Amino acid sequence: MIAYILRRLVSISVTFFIVSVLVFLMMHAIPGGPFDAQDMPLSEAVRDKLMARLGLDKPLHVQYLSYMAGVLQGDWGVPYQSPGETVIELLARAWPPSLILGGLGVLIGVPLGILLGMAAALKRNTWIDYLASAIATLGLTVPVFVISMLLILVFAVWLNWLPASGWGEPKRWILPIIAYAAIPLATYARYTRSAMLDSLNKPFVTVLRAKGLSERRIIFQHVLRNSAIPMVTVFLPMFIGTATGSIFVEAMFRVPGLGSYFVSSITTRDYPLEMALILMITLMFSGAYLISDILYAWLNPRIRIGGRE
Amino acid sequence: MNKLFKLAGAVVLAVGLTVPAQAQTTIFGPGDLTTGTYFDYMKTVYSRAGLPEITQIPLTSFDKEFELQPLAAESWSLSDDGLVWTFKMREGLVWSDGEPLKASDYVFALKRAATTGYDFAWYWDFAGGIKNWKAITEGTMDVSEMGVKALDDLTIEVTTSSPKPYLPGVVSLWYPVPEHVWNEYGDEWAVNVDTLVSSGPFTVESWEKSNNSMVMVKSETYTGPWQARVDRIDIDPDIGAPEVGLPAYLAGETDFTNLNAGQIPFVEQRFPENMRTNVVFALSYLSFDVDSAPFDNVDVRRALWYAIDRKEMTETVLKGLAIPGNSLLTPGYPGYNADIAAMAEFNPEKAREFMAKAGYPNGEGFPTVEIFYRDQGGYNGAITSPMLQYLQAEFKEILGIQMDIRVMPTSDWMDALLNKKNNLFLAPYEFDYLDPSNFFGIFYDGGRHSYNFDDYDALVAAADANPNWEERLDLYEQAEMIMIDQAMIVPLVHPITVALVSDALSGEGIEPNALGFTPLNRLSFYFYTHLDKN
């Protein structure tokens, strides 16, 4: 197991290196730079001065090497769009709101989704199933900004129970968390339903019933555990996806989070921030898949990690 | 002892009752851009953070009637040759840290801009005409040769390379930079609240970096004209998007908001009294690469010029979003010429004749063309898509032209325009200063469009330097006649912005001007200093 984890860590480092080269090249391959003409032409002399200030006048490989040398020493540079702080400081400031709202959204959405999916699977083809499926389908198909808009309209404008937007007191968190929870809830409801139905039709359930086990024990101890594999596979990537913020939810609810930086770093050609965000996501996903693999072995001992007996 | 406490309690109570609690007035409003770097207009214009314009005092500014008013400059005079301007500053102006505001702070601002790379550098060459500006920005001349000098602490002398009769309006975008603070922190003085100092009616209290929302408070040291009347302003750029702004307005979280096309009918019905419209001093137009086929043929351009039904377009797909763009200048803009505007004609027969004359009867043999436009928000974002689809259908129907549409980021669009990577563009332009030379200049030799129409260039150059207003207007009229005859561009529409303003606000800032328009925060210095809140 330890050897397996070490091998995976080496492969994660290689992935990290390859991604860094690819992203760096792609980023610079997009035409334009941080200082492009806006409404009037920018003279060559002015542009040269601005580019030299950021070291963008040097050859690409020199820029890459000096950037990576910094990264390995923990210096991720200064974001072009926020010159008063380092990339790390920016992440430390902007990530917590996204982590809190997105993280709570997942942590609330997933258990509710599992409950909904279980109810649907156990009461198959009844109104409960239809209602659960309808909720799940709506949660996945209605865009999150529409859900956000409806939440604001109903709870802030009509009922006047909650503030429409902003950050600060926890009561301002409620609406964005609900908006964030919609997708995990819907995803999990669907996964749980189909995985449970799949397990319920397996011969071992018939055997367990023949043994005379209570339905409750069959469901919670055997069926649910056997259905857990796909849910584990989805969980961590979903958590990462949600807890790094959504540009839509954050814009609608005016949350000072990370979501908008994924877009603005590209549109403003903010190279240091763009690199940092993508490399961070790369590391998080690599780690998430490693953890998922370890969890598989725990959930189902028949899965042997490492492939060698 | 007990009695003493009671007595003290009574005194406290009495004082508490007689001195009313000071009610703080705070205006909540939308900002423009969520991204931005320096809170310093003289460092960067296109990626400035927040609204530095209301914390620094320019030499002059415009009121809501677009009349020029003196601010930091109390008066100014011009030499006989029309080249040397002397601006006298008001006495007693100070920075918010108590240091006196000096002429040298203004001079320093421009010298730094010229030598360190300023994305608005073109302005001081093209609009300001400052002597040696261009050579200094290109590094071929020393900054000490610049035509800008502080004669003493309160006198600024500006020398232009040719007469610039409208310079007092140009300097409305000339803000000071605190040289004494800059000496300590460098450009970074303008990236966090602790080192910011202001010279204008507001100072910054807090700055949320993630979206550049800011709380600004009334300056206690500002002694100049247009003092703040409210205690605080809370500006949030996320509210700038109408989709966020209107719900926030309805929930009482902002005092005014911009509206999009879908919201206007709802607001018209529910809050007609609270609506404010403004015709932006801007033009959307078609521009060409006039050196390559098929638009090198003037008759093709003329065909397009006659094929636009501006009235129908602005009454249908652009209803409430734009008015017909019949000329280069917007109604109300200095130098607007109604006779020229009356020439904008929709005439499908003439359009077809010109197509045939160019060798493409009914569009036969005409290549498929692609129009480039830029992806952006605000009033331009609202009109571009419906307008282009309308034009696409109209060109097909009237001229037999197949026009494809392609959207791209502003920087790519600008790159394509400057380097002639395409031959047809939908182009927007909003004024930077109030003088006809601003709009005529973008088509002038070496301006934004690399047009080289010699007659036009000669007239625009003559008009630019002529100190006589009537003569200038006459020259501009001739220049626009050439523009029309050559169909250099096809003017389309002037965009409108619509906003919703709360009953809690009052003051000249939200009252319509003589033309019936309310520029609101497009004139930010005037707007935020001419507002009261109940």
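Residue numbers begin at 1 in each chain, while the letters A, B, ... track the order of the sequences. From a predicted model like this one, the values you see are computed outputs, not experimental measurements.
- Taking 4.0 Å as the cut-off between side-chain N and carboxylate O, B:D412 and A:R269 count as a salt-bridged pair.
- Looking at B:P237, there are no atoms closer than 4.5 Å to chain A (heavy atoms on both sides), in backbone or side chain.
- Of all non-hydrogen atoms in B:P247 and A:M149, the two that sit nearest each other are CG-SD, 4.0 Å.
- A 6.0 Å sphere centred on CD of A:E169 holds more than 12 heavy atoms belonging to other residues, nucleotides or ligands.
- Remark: B:K420 NZ is packed, more than 12 non-hydrogen atoms of other residues, nucleotides or ligands lying under 6.0 Å away.
- You'll find the side chain of B:S210 reaches within 4.5 Å of the side chain of A:Y261, heavy atoms only.
- Most heavy-atom pairs under 4.5 Å with chain A, from the set B:N192, B:T137, B:N212: that is B:T137.
- Looking only at side-chain heavy atoms (C-beta outward), A:M252 and B:V244 come within less than 4.5 Å of each other.
- Neither the backbone nor the side chain of B:L417 has a heavy atom closer than 4.5 Å to any heavy atom of chain A.
- Annotation for B:T35 and A:S264: closest pair CG2-CB, 3.7 Å, computed over non-hydrogen atoms.
- Few gaps surround OH on B:Y285; more than 12 heavy atoms of other groups in view lie less than 6.0 Å from it.
- In terms of heavy atoms, A:V46 sits closest to B:A121 at CG2-CB, 4.0 Å.
- Between chain B and the residues A:A156, A:P79, A:A251, A:A94, the largest count of heavy-atom pairs under 4.5 Å involves A:A251.
- Looking at heavy atoms from C-beta onward, A:R254 lies in side-chain contact with B:E253 at the 4.5 angstrom threshold.
- In this structure, CD1 in A:I152 is found 11.0 Å from CD in B:E243, a value given to the nearest 0.5 Å.
- When B:D236, B:L250, B:T410 are compared by the number of non-hydrogen pairs under 4.5 Å with chain A, B:D236 comes out ahead.
- Of the listed residues A:M51, A:E85, A:E44, A:R93, the one with more heavy-atom pairs under 4.5 angstrom with chain B than any other is A:R93.
- Looking only at heavy-atom pairs under 4.5 Å with chain B, the residue among A:A45, A:A52, A:P83 that has the most is A:P83.
- Counting heavy atoms from C-beta on, the side chains of B:W122 and A:S43 never come closer than 4.5 Å.
- Contact of A:P34 with chain B is not made at all, since no heavy-atom distance falls under 4.5 Å.
- Within 6.0 Å of the NZ atom in B:K134, the count of heavy atoms belonging to other residues, nucleotides or ligands does not exceed 12.
- Within the 4.5 Å cutoff, the side chain of B:D119 has heavy atoms near those of the A:L42 side chain.
- Heavy atoms closer than 4.5 Å to chain A are found in the side chain of B:E188, but not in its backbone.
- In terms of heavy-atom pairs under 4.5 angstrom with chain A, the leader among B:T115, B:I442, B:D415 is B:T115.
- Interface summary for chain B: among A:L258, A:L153, A:L90, A:L50, the most heavy-atom pairs under 4.5 angstrom belong to A:L50.
- Inter-residue side-chain proximity for A:Q81 and B:K209 is flagged as unmet; no heavy-atom pair is nearer than 4.5 Å.
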